[in-house]
> 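The structure is given below, and queries will be raised subsequently.
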Amino acid sequence: MSDLVECSECKLKFDLDVFDNCPDCEDDLIECEVCDYKFNYKLDSCPNCDENTVPKGTECEFCEKPAVRYLQDNPVCEDHFQQ
């Protein structure tokens, strides 16, 4: 038997083996146009994009070029990401 998880929005406990998202909040989900992640419409922006997008003006961990992605939690430029 799997463990139940608690929805952070409505506090309903549900089984992740049965449901991908909280069954009570499912109707409140929208899909991000950038990454296709589903999140509650009440949020200002996509939490997946917010977590994975490098803030503008951040420099690469290994050089002075602008960082465009994260690699093992380090902001890196496109050149260092490819390596």
Side-chain angles (χ1 to χ4, degrees):
M1 184 172 163
S2 63
D3 292 326
L4 298 177
V5 293
E6 184 175 293
C7 175
S8 59
E9 295 291 321
C10 70
K11 307 302 181 202
L12 175 75
K13 292 187 183 218
F14 64 98
D15 187 346
L16 276 177
D17 290 337
V18 177
F19 301 101
D20 290 333
N21 296 300
C22 174
D24 280 358
C25 296
E26 185 74 34
D27 294 336
D28 295 337
L29 296 178
I30 58 173
E31 191 170 299
C32 177
E33 295 175 2
V34 176
C35 71
D36 298 329
Y37 180 79
K38 291 184 179 181
F39 63 98
N40 191 292
Y41 78 95
K42 295 176 187 172
L43 298 175
D44 292 332
S45 60
C46 173
N48 186 53
C49 288
D50 291 347
E51 182 177 320
N52 296 310
T53 303
V54 178
K56 200 171 197 127
T58 304
E59 288 186 353
C60 176
E61 187 77 18
F62 306 106
C63 67
E64 295 180 3
K65 292 181 182 177
V68 293
R69 300 178 187 208
Y70 285 109
L71 183 62
Q72 296 178 346
D73 294 332
N74 295 315
V76 294
C77 65
E78 192 65 40
D79 293 338
H80 283 105
F81 184 77
Q82 299 290 336
Q83 294 177 355

> Just to verify, what does K65 make a salt bridge (charged side-chain N to carboxylate O under 4.0 Å, His left out) with, not counting sequence neighbours?
D79
> Could you measure the distance from the CD atom of E33 to the CD atom of E31? Nearest 0.5 Å is fine.
9.5 Å
> Using side-chain heavy atoms (C-beta onward) and a distance below 4.5 Å, is L4 in contact with F14?
no
> Under 4.5 Å between side-chain heavy atoms, chaining through other members, with only Ile, Leu, Val, Met, Phe, Trp and Tyr counted: pull out the rest of the cluster around F81, sorted by chain and number.
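F81 shares its hydrophobic cluster with F62, L71, V76.
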> Among residues at least two apart in sequence or on other chains, which ones pass side chain to side chain contact (heavy atoms under 4.5 Å, CB included) with Y37?
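Side chain to side chain contact (heavy atoms under 4.5 Å, CB included) list for Y37, sorted by chain: C35, F39, C46, P47, N48.
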> Quick one: are C77 and P66 in side-chain contact, heavy atoms under 4.5 Å?
no
> Just so I know, are the side chains of E59 and P75 near enough to count as touching, which here means a heavy-atom distance under 4.5 Å?
no
> Taking only residues two or more places apart in sequence, or in another chain, which ones meet T53 in a side-chain hydrogen bond (donor to acceptor under 3.5 Å, both in side chains)?
none
> Mind listing the closest non-hydrogen atom pair of V54 and T58 along with its distance?
CG1-CB, 3.5 Å
> Using a side-chain heavy atom cutoff under 4.5 Å and only I, L, V, M, F, W and Y, what cluster partners does L12 have?
none
> To the nearest 0.5 Å, how far apart are SG in C32 and CG in L43?
11.5 Å
> Could you tell me which residues satisfy salt bridge (charged side-chain N to carboxylate O under 4.0 Å, His left out) with E78, sequence neighbours excluded, listed by chain and number?
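In terms of salt bridge (charged side-chain N to carboxylate O under 4.0 Å, His left out), with neighbours along the sequence ignored, E78 is linked to R69.
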